[in-house]
Amino acid sequence: MAVTTKFTKPTGNATVVDVTFTSDSPKITHERSVNAVFDSDGKYDAAATKVRVAEVALGVENKIAMGVISVPAE
C-alpha cells in the first residue's frame with residue numbers, strides 16, 4: 001500500500017497546508033492539516049513542506065494498515 005498526497009501552498013496568514021491523503025488498497029481518502037515549513041525569514045519553504053507532508057504520510061499509511069484510519073461505516 002502506498003499513500004499519495006495532494007496539497008497547495010498556504011495563502012494569506014495560514015501556517016498550515018490542508019492535505020488529502022489517498023490510499024488505493026484499501027480505498028481510503030483522509031484529510032488533515034499539516035504545519036507548513038517556513039525559513040528563518042518567514043518565507044514559505046515548499047521543499048521542506050513537501051518533506052514534512054511525506055513524513056506525516058508515513059504515519060497515515062501506518063494508521064491505515066493498523067485499521068486506526070478506515071472507511072466510515074454507512
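Predicted model, so just to flag it, every value in this text is computed and none were measured.
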Residue pair V71 / K27: nearest heavy atoms and the distance that separates them: CG2-O, 3.5 Å
Nearest atoms (heavy-atom pairs only) where F38 meets A14: CZ-O, 3.8 Å
Sub-3.5 Å donor-acceptor pair from the side chain of T49 to the main-chain atoms of V37, do we have one? yes
Between D39 and D41 (side chain of the first, backbone of the second, donor and acceptor by atom type, cut-off under 3.5 Å), is there such a pair? yes
Could you go step by step and tell me if V56 and R32 meet the side-chain contact (heavy atoms from CB on, under 4.5 Å) rule? CA-CA 10 Å; V56 174; R32 65 164 282 192; 3.6 Å; yes
Atom pair [atom1] ([X]) and [atom2] ([Y]), whose distance is rounded to the nearest 0.5 Å:
X: I69; Y: T29; atom1: CD1; atom2: OG1; result: 11.5 Å
X: T4; Y: E61; atom1: OG1; atom2: CD; result: 10.5 Å
X: K63; Y: S70; atom1: NZ; atom2: OG; result: 13.0 Å
X: D18; Y: F7; atom1: CG; atom2: CZ; result: 11.0 Å

Residues in side-chain contact (heavy atoms from CB on, under 4.5 Å) with A46, at least two apart? Y44
List for me each residue that meets side-chain contact (heavy atoms from CB on, under 4.5 Å) alongside T5, sequence neighbours excluded, and say none if there are none. V19, F21, V53, A57
I64 versus P26: any side-chain heavy-atom pair under 4.5 Å? yes
Is there a side-chain contact between K6 and T22 (heavy atoms, below 4.5 Å)? no
